[in-house]
Amino acid sequence: MNIRTVAIIGAGVMGSDTALDIACYGYNVILKDLNTEILKEAEERIKQSFRMIKMMKKELCELKQEDVLPHIVFQTDYKGFENVDIVIENIVEVWESKKAEYKRLKEVCKPETLFAVNTSCISITKIGSLLPDTSKVIGTHFMNPVPMKKMVEVIRGFHTSQDTEDRITDFLKSLGKNPVVVNDCPGFVSNRLSHLFMNEAAFLVQDQVASPSQIDMIFKQGFGHKMGPLETADLIGLDTVVNSLNILYESFQDNKFRCCPLLKKMVDAGLLGKKSGKGFYDYK
Ligand code: NAD
């Protein structure tokens, strides 16, 4: 099966950048979200990201917006899903929402469609159980910002077939990505590790041990990381971080994943990080 059309479900932080990244390599992309207002915001975000890509990625610097944007169809329905080769699902990190979405997807997609799940923490095996052919379900944990990060953590669910893994890793390589294949567990490798750092950094702020910039500076200059845990949490979105910590806590029943109350309070107050203009840092 040649991959021609990719559907991205969810046009938020991850979905919009993933749609752009894939369209830059000539694939046809359907970008679906719940309403046209969200899709309009996504289109603006995509235009901004495109300017960044042209500056930062040598191999794409000749691309013109008018050559790339027409490859992305923005829509709120499932029109054309019968021709989709790969679905990349990027909706909110909430099990009930994902469950409802897959119920719909299994009705509209062809039997050959591969399902690539961009969850942060939910088990790929559990998501696979929502679809008739679990061998075609795999995790593709893209890193944020998607066009700039080459590594994609690919997660094999319990029933994921070798054929699905091969097709998805070939597809990712065609986008210039470097897939690293791991086995399924909540949070996989990246988020099982990174959420401990982000959560503990939030506790340090809550306990007034240090300011966010001091914590991030110690992390970066002390350990040689490019970004600190609180800068990373702001970039991901604090709502997504809280949802992920809750899933990790429920899955492992381990107190080390108990979400810091300050994170919850910030989300309740609408401080979601970069996407809302304020989190541990100011972005306005
Ligand atoms: P987000 O909140 O920015 O975007 C989610 C989007 O999904 C919203 O626009 C929402 O309207 C839409 N949505 C919800 N239900 C929908 C449905 N049924 N159909 C279509 N659209 C729907 O979230 P995000 O940060 O883009 O995260 C999306 C997924 O990617 C989550 O599972 C998250 O854990 C994962 N993820 C996030 C990051 C990150 O850095 N933010 C990194 C890797 C993976």
Side-chain angles (χ1 to χ4, degrees), residues 7-21 29-46 49 73-79 81 84 87-109 115-124 126-127 130 139-149 151-155 177 180 186-195 197-198 227 229-248 251 267 270 272-277 279:
I8 311 276
I9 318 292
V13 172
M14 295 305 285
S16 49
D17 264 0
T18 307
L20 171 62
D21 205 15
V29 179
I30 297 174
L31 182 57
K32 179 190 175 290
D33 209 301
L34 299 174
N35 63 53
T36 47
E37 217 167 88
I38 299 174
L39 289 172
K40 270 194 192 128
E41 278 173 31
E43 193 168 352
E44 281 316 305
R45 204 173 312 124
I46 284 174
S49 291
V73 179
F74 296 83
Q75 63 187 55
T76 56
D77 57 16
Y78 294 92
K79 195 168 159 226
F81 270 60
V84 164
V87 169
I88 304 180
E89 178 268 302
N90 295 269
I91 72 166
V92 281
E93 188 74 348
V94 177
W95 169 246
E96 289 306 324
S97 308
K98 301 237 190 233
K99 200 169 150 187
E101 182 56 33
Y102 283 98
K103 189 165 180 249
R104 195 69 189 97
L105 284 169
K106 75 177 176 193
E107 293 164 0
V108 293
C109 293
F115 292 89
V117 187
N118 187 23
T119 170
S120 294
C121 287
I122 299 175
S123 152
I124 301 305
K126 191 171 167 186
I127 290 181
L130 301 171
T140 47
H141 184 222
F142 287 84
M143 300 290 138
N144 184 3
V146 180
M148 295 302 137
K149 295 279 179 76
M151 200 282 290
V152 179
E153 193 178 17
V154 172
I155 305 110
K177 301 290 186 201
V180 177
F188 330 120
V189 173
S190 56
N191 284 331
R192 202 167 146 183
L193 282 173
S194 64
H195 281 65
F197 285 123
M198 291 186 280
M227 287 178 75
L230 297 170
E231 290 167 330
T232 307
D234 269 3
L235 178 70
I236 292 173
L238 301 190
D239 51 343
T240 303
V241 173
V242 168
N243 286 338
S244 297
L245 279 165
N246 288 339
I247 292 163
L248 287 166
S251 308
V267 171
L272 306 184
K274 205 171 173 190
K275 65 183 170 187
S276 74

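Order of appearance sets the numbers: ligands from 1, and atoms from 1 within every ligand.
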Under the salt bridge (Lys or Arg N to Asp or Glu O under 4.0 Å) rule, what do K98 and E101 come out as? Steps first, then yes or no, please. CA-CA 5 Å; K98 301 237 190 233; E101 182 56 33; over 6 Å; no
Give the residue and atom name of whichever protein heavy atom lies nearest to [atom], and the separation in Å to one decimal.
atom                    : result
atom 41 (N) of ligand 1 : I236 O, 2.9 Å
atom 37 (C) of ligand 1 : M14 CG, 3.3 Å
atom 1 (P) of ligand 1  : K275 NZ, 3.9 Å

Which of the atoms in ligand 1, numbered in the order shown and given with their element, are less than 4.0 Å from a heavy-atom of [X]?
X    : answer
I38  : 9 (O), 11 (O)
T119 : 32 (O)
K32  : 19 (N), 20 (C), 21 (N)
E101 : 17 (C), 18 (N), 19 (N)
N144 : 39 (C), 40 (O), 41 (N)
G12  : 3 (O), 4 (O), 6 (C), 9 (O), 26 (O)

Say whether N191 and S194, considering side chains only, have a donor N or O and an acceptor N or O under 3.5 Å apart. yes
Counting heavy atoms only, which of D33, I91, V146, I122 comes nearest to atom 12 (C) of ligand 1? D33
Given that the side chain starts at C-beta and the backbone is N, CA, C, O, which of these parts of T240 lies under 4.0 Å from ligand 1, counting heavy atoms, or is it both or neither? side chain
Within 45° of the ring axis of Y78 and under 6.0 Å from its six-membered ring centre, is that where the NZ or CZ of K32 lies? yes
Please confirm whether K98 comes under 4.0 Å of ligand 1, counting heavy atoms of the residue only. yes
